[in-house]
Amino acid sequence: MAHNHDEIIEHYNRFHAAVYGPEGALDRKTRHLICLGAALGANCEFCTKYALGVLKELQASDAEIDEAISVAMTVGASNPRLLAKKVRAENP
């Protein structure tokens with residue numbers, strides 16, 4: 001491997017800080033609501049806990065969190081529904 005592990009982790013930490021830092025086109029709460037949806041979609045328990053913890057610090061409402069969860073659920077449910085529709089159409 002060209003880089004050692006510590007260098008790779010440091011690059012990741014800088015990337016993470018840049019994405020979730022205070023500045024950006026989206027406010028921090030919106031970025032972490034997106035993070036929550038992505039974490040749920042990736043089935044990442046650690047990431048979900050991280051997103052919920054930050055959202056609590058940012059005073060996200062239960063309604064905001066519930067809406068992000070609902071959006072993640074629709075994305076997760078879309079693929080099986082569309083796959084079933086496609087397979088049924090191909091195999092009448």
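Hydrophobic clustering (side-chain heavy atoms under 4.5 Å, transitive across Ile, Leu, Val, Met, Phe, Trp, Tyr) keeps Phe46 apart from Ile9. Hydrophobic clustering keeps Ile65 apart from Val54 (ILVMFWY residues linked when any side-chain heavy atoms are closer than 4.5 Å, directly or through intermediates).
Phe15 is linked by a ring-ring contact (aromatic ring centres under 6.0 Å, His included) to nothing, counting only residues two or more places apart in sequence or in another chain.
Here the straight-line distance linking atom CD of Glu57 with atom CD of Gln59 works out to 10.5 Å at 0.5 Å rounding. Interatomic distance, Leu52 CG to Cys47 SG, rounded to the nearest 0.5 Å: 11.5 Å. Taking CG of Leu33 as the reference point, atom CZ of Arg28 lies at 12.0 Å (rounded to 0.5 Å). Leu36 CG to Cys44 SG: the interatomic distance, rounded to the nearest 0.5 Å, is 11.5 Å.
For residues 29-44, the side chain to side chain donor-acceptor pair (under 3.5 Å) pairs, not counting sequence neighbours, are Asp27-Thr30, Lys29-Glu64, His32-Tyr50. For the side chain to side chain donor-acceptor pair (under 3.5 Å) condition, the pairs that include at least one residue of residues 66-89, sequence neighbours left out, are Lys86-Glu90.
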List the steps, then state whether side-chain contact (heavy atoms from CB on, under 4.5 Å) holds for Met73 with Leu40.
CA-CA 8 Å; Met73 288 170 59; Leu40 292 167; over 6 Å; no
